[in-house]
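Below, chain A is the first sequence line, B the second, and so on; all start at residue 1.
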Protein chains: 2
Amino acid sequence: MITIYTIFSAMRFSHQRETIRKIVNSTNSHPTADWVFSRAKRSIPKISLGTVYRNLKRLEKTGDLRTIYDGSIARYDWNTKPHDHLKCKECGDLMDVHLLDEGIRSDVKKKYKFAVDDVKMTIIGTCQKHK
Amino acid sequence: MITIYTIFSAMRFSHQRETIRKIVNSTNSHPTADWVFSRAKRSIPKISLGTVYRNLKRLEKTGDLRTIYDGSIARYDWNTKPHDHLKCKECGDLMDVHLLDEGIRSDVKKKYKFAVDDVKMTIIGTCQKHK
DNA sequence: AGTATATATAGTAATCATTCCTATTATTAT
DNA sequence: ATAATAATAGGAATGATTACTATATATACT
């Protein structure tokens, strides 16, 4: 007797992935994989770092989060809407801001015949805490 | 007899550093350290990768080049004047452009009381080669 | 509810970019 | 030419990320 199952891989529920999603959703601090890992261990002590990376990547693919790079290090952001970042060189904080880049988009399209998907802007400087 | 030399370390000439500087200056391709290394080996076969990294870092400090990050990978750019990048997701090319971000600078300063040092903007999309 | 099948995991090894270490070499002030 | 020390080559160490594999778990079908 032959049983045919679905050929294409479906995404299964996973307790680990849900935990990771919740952790990323719960903070505005743009956490690193390692921070998510240490947080996840509180509720799933045996979770492995590989699982965290695999699921962060998966969640990005499904549009549940976006990856941003702070220098060479990857950080994860639940906010998938277009926005920019202010990075304070004093405290290292990365703050979300929304600057109008619609002008930039159309400008680039006209001037350089470049079809824009995404504008990644990080502004480096000093935040108001350091005066 | 006691001889007193300069206390503070002065930068010495180095054939390797000059070669590295020339290589970075010679291209608009925003090369990686590894690319610079393989180029440098043509004229200095025994040059080591550590020397390349050390000098790229040094040249950044002296303002001879700037480091940009393409995702998590460091690339080096001889153009130290403020400018932005268009990254084509089809061919991976990184193109220099100058978009007016003066408005953004003053906007950020007013709205968020954030002292701006540098605006890092990369626009992801598709360049005119792919139509 | 029970079983079959495949996806997801934990744990660990491997990879890749980058930095660090150290004995030797090269630059430069004298 | 010499002394002092900055810079190098070569290799080891690090840190983030990915790959591998045997086991555990979710789920489609009975």
Side-chain angles (χ1 to χ4, degrees), chain A residues 1-24 30-62 64-76 92, chain B residues 1-21 23-24 30-62 64-65 67-76 92:
Chain A
M1 191 255 193
I2 297 163
T3 313
I4 297 172
Y5 286 86
T6 48
I7 294 162
F8 302 109
S9 71
M11 183 166 348
R12 281 189 188 168
F13 172 86
S14 125
H15 183 41
Q16 285 83 342
R17 182 159 53 246
E18 284 315 299
T19 300
I20 289 162
R21 187 206 310 276
K22 278 177 197 154
I23 290 169
V24 174
H30 310 87
T32 61
D34 211 63
W35 189 91
V36 174
F37 177 52
S38 68
R39 268 307 189 82
K41 274 195 286 197
R42 293 185 189 172
S43 57
I44 309 171
K46 299 195 66 128
I47 196 169
S48 80
L49 185 55
T51 296
V52 172
Y53 275 106
R54 185 166 11 84
N55 282 303
L56 286 170
K57 190 156 281 191
R58 186 81 78 98
L59 290 167
E60 174 170 47
K61 210 166 279 175
T62 57
D64 290 280
L65 56 81
R66 86 186 308 203
T67 305
I68 57 179
Y69 288 95
D70 178 17
S72 67
I73 196 159
R75 292 179 172 277
Y76 302 90
Chain B
M1 189 253 194
I2 295 165
T3 313
I4 296 173
Y5 286 86
T6 49
I7 294 162
F8 302 107
S9 71
M11 182 163 354
R12 283 186 186 170
F13 172 85
S14 127
H15 183 39
Q16 285 85 339
R17 182 158 52 247
E18 283 315 300
T19 300
I20 289 162
R21 186 206 310 274
I23 288 170
V24 174
H30 310 87
T32 61
D34 211 63
W35 189 91
V36 174
F37 177 51
S38 66
R39 265 310 186 81
K41 273 196 286 196
R42 292 185 191 172
S43 58
I44 309 171
K46 299 196 66 129
I47 196 169
S48 80
L49 186 54
T51 297
V52 172
Y53 274 106
R54 186 165 11 83
N55 281 303
L56 285 170
K57 191 156 281 189
R58 185 80 78 96
L59 289 167
E60 174 170 47
K61 209 166 281 175
T62 57
D64 289 281
L65 56 82
T67 304
I68 56 178
Y69 287 95
D70 177 16
S72 67
I73 195 159
R75 292 180 171 276
Y76 301 90

Atom-to-atom span, [atom1] of [X] to [atom2] of [N] - whole angstrom:
X      : N       : atom1 : atom2 : value
E18(A) : dT7(C)  : CD    : P     : 19 Å
R75(A) : dT17(D) : CZ    : C1'   : 16 Å
R58(B) : dC20(C) : CZ    : C1'   : 15 Å
L49(A) : dA14(C) : CG    : P     : 17 Å
L56(B) : dA7(D)  : CG    : P     : 15 Å
M11(A) : dA6(C)  : CE    : P     : 19 Å
I73(A) : dC16(C) : CD1   : C1'   : 15 Å
R17(A) : dA24(D) : CZ    : P     : 20 Å

Is [X] touching bases, backbone alone, or none of the nucleic acid, heavy atoms closer than 4.0 Å?
X      : answer
R54(B) : base
N55(B) : sugar-phosphate
I47(B) : sugar-phosphate

### Task
Among the candidates dA6(D), dA10(C), dT18(C), find the nucleotide nearest to the side-chain atoms of R12(B).
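Of all the options, the side chain of R12(B) is nearest to dA6(D).
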### Query
Among N55(B), T51(B), T62(B), which one satisfies side chain to side chain donor-acceptor pair (under 3.5 Å) with R17(B)?
N55(B)
[X] side chain N/O closer than 4.0 Å to the phosphate oxygens (OP1, OP2) of [N]?
X      : N       : value
T51(A) : dA10(C) : yes
S14(A) : dT9(C)  : yes
Q16(A) : dT25(D) : no
K57(A) : dT17(D) : no
Y53(B) : dT18(C) : yes

#### Entry: Salt-bridge criterion met for E18(B) and R21(B) (N-O under 4.0 Å)
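Looking at E18(B) and R21(B), the cut-off is met.
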### Task
Determine the minimum heavy-atom distance between S48(A) and F37(A), stating which atoms define it.
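Minimum heavy-atom contact is C-CE1, 3.5 Å.
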### Task
Nearest-nucleotide wise, let me know which of K46(B) and F13(B) is further upstream toward the 5' end of DNA chain D.
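Its nearest nucleotide being more 5', the pick is F13(B).
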### Message
Using heavy-atom distances to pick each residue's nearest nucleotide on DNA chain D, tell me which of S72(B) and G50(B) is more 5'.
### Response
G50(B)
### Query
Roughly how far apart are Y69(B) OH and H30(B) NE2, rounded to 0.5 Å?
15.0 Å
### Task
Mind checking the CD1-CG spacing from I23(A) to L56(A)? Nearest 0.5 Å is all I need.
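I23(A) atom CD1 to L56(A) atom CG measures 9.5 Å (nearest 0.5 Å).
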